[in-house]
Amino acid sequence: DGGITQSPKYLFRKEGQNVTLSCEQNLNHDAMYWYRQDPGQGLRLIYYSQIVNDFQKGDIAEGYSVSREKKESFPLTVTSAQKNPTAFYLCASSNMGTKGNQPQHFGDGTRLSIL
Amino acid sequence: DQQVKQNSPSLSVQEGRISILNCDYTNSMFDYFLWYKKYPAEGPTFLISISSIKDKNEDGRFTVFLNKSAKHLSLHIVPSQPGDSAVYFCAASALTGANNLFFGTGTRLTVIP
């Protein structure tokens, strides 16, 4: 089945520790995105990538880093510089349509908590 | 600054009746609008979209209406079913904006059997 796989589903981080969230897609989509959701809020964009080896900051990139070495993979690292990392993290992907925007399709998320 | 707003955090509707979820936006550059449905601990699922060249798009029980002059869109679900109970997010993007989505804060719909 085609889709987006995020792992792990739950992740715990100690203070001062970096952690990496995995996102893999087999939809052959060019673009991939990372969002963060906090309780009672909408999704906020952290980073996005439209092509391999290229990515741009979203609205809340501070304390996060990404890489896009392969089309199907877009891992997110939550660094120790992110002071409030507890949240639900969602990865998405989409085609980059030539005749307009395309819907983004989401994985099932990773919930990150601080120990 | 919240560019996409969903002012009703929750809505309850009887099974079989119409559910109307509303969304307002402030950025006049937005030209593509989407609705997503989300269950707890899962990712949002794409429901329906509309581009700014249309004022209505229908897909089965779901219809989205766009009023560009009022910068307002709505999602109608008819008839509502208990399985429709979820949080619904409105999202918007601009054609020139690399397909980045701006999300509202969501409306929790409860369909009462």
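Hydrogens, waters and symmetry mates play no part in the numbers below; they use all other heavy atoms, side chains included. Lettering follows sequence order; numbering is per chain, from 1.
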Quick one: do [X] and [Y] end up in the same hydrophobic cluster if we chain Ile, Leu, Val, Met, Phe, Trp and Tyr together by side-chain heavy atoms under 4.5 Å apart?
{"X": "B/Trp35", "Y": "B/Phe33", "result": "yes"}
{"X": "B/Tyr32", "Y": "B/Leu47", "result": "no"}
{"X": "A/Trp34", "Y": "A/Phe88", "result": "no"}
{"X": "A/Phe106", "Y": "A/Met32", "result": "no"}
{"X": "A/Phe74", "Y": "A/Tyr64", "result": "yes"}

Side chain / backbone / both / neither for B/Tyr36 at chain A, heavy atoms under 4.5 Å: side chain
Under 4.5 Å from any heavy atom of chain A - which part of B/Ser49: neither
Suppose a student defines contact as a heavy atom less than 4.5 Å from any heavy atom of chain A. Which residues in [range] would they list?
{"range": "residues 50-85 of chain B", "value": "none"}
{"range": "residues 101-113 of chain B", "value": "B/Leu101, B/Phe102, B/Phe103, B/Gly104, B/Thr105"}
{"range": "residues 5-16 of chain B", "value": "none"}

More than 12 heavy atoms of other groups within 6.0 Å of A/Ile51 CD1: no
A/Gln37 portion near chain B, given a 4.5 angstrom heavy-atom threshold: side chain
Nearest heavy-atom neighbours spanning B/Pro44 and A/Leu43: CG-CD2, 4.2 Å
Taking every non-hydrogen atom, the tightest pair across A/Gln104 and B/Phe46: O-CB, 4.4 Å
Spacing of A/Arg44 atom CZ and B/Gln2 atom CD [to the nearest 0.5 Å]: 9.5 Å
Within residues 55-63 of chain A, residues adjacent to chain B where the heavy-atom gap is under 4.5 Å: A/Asp59
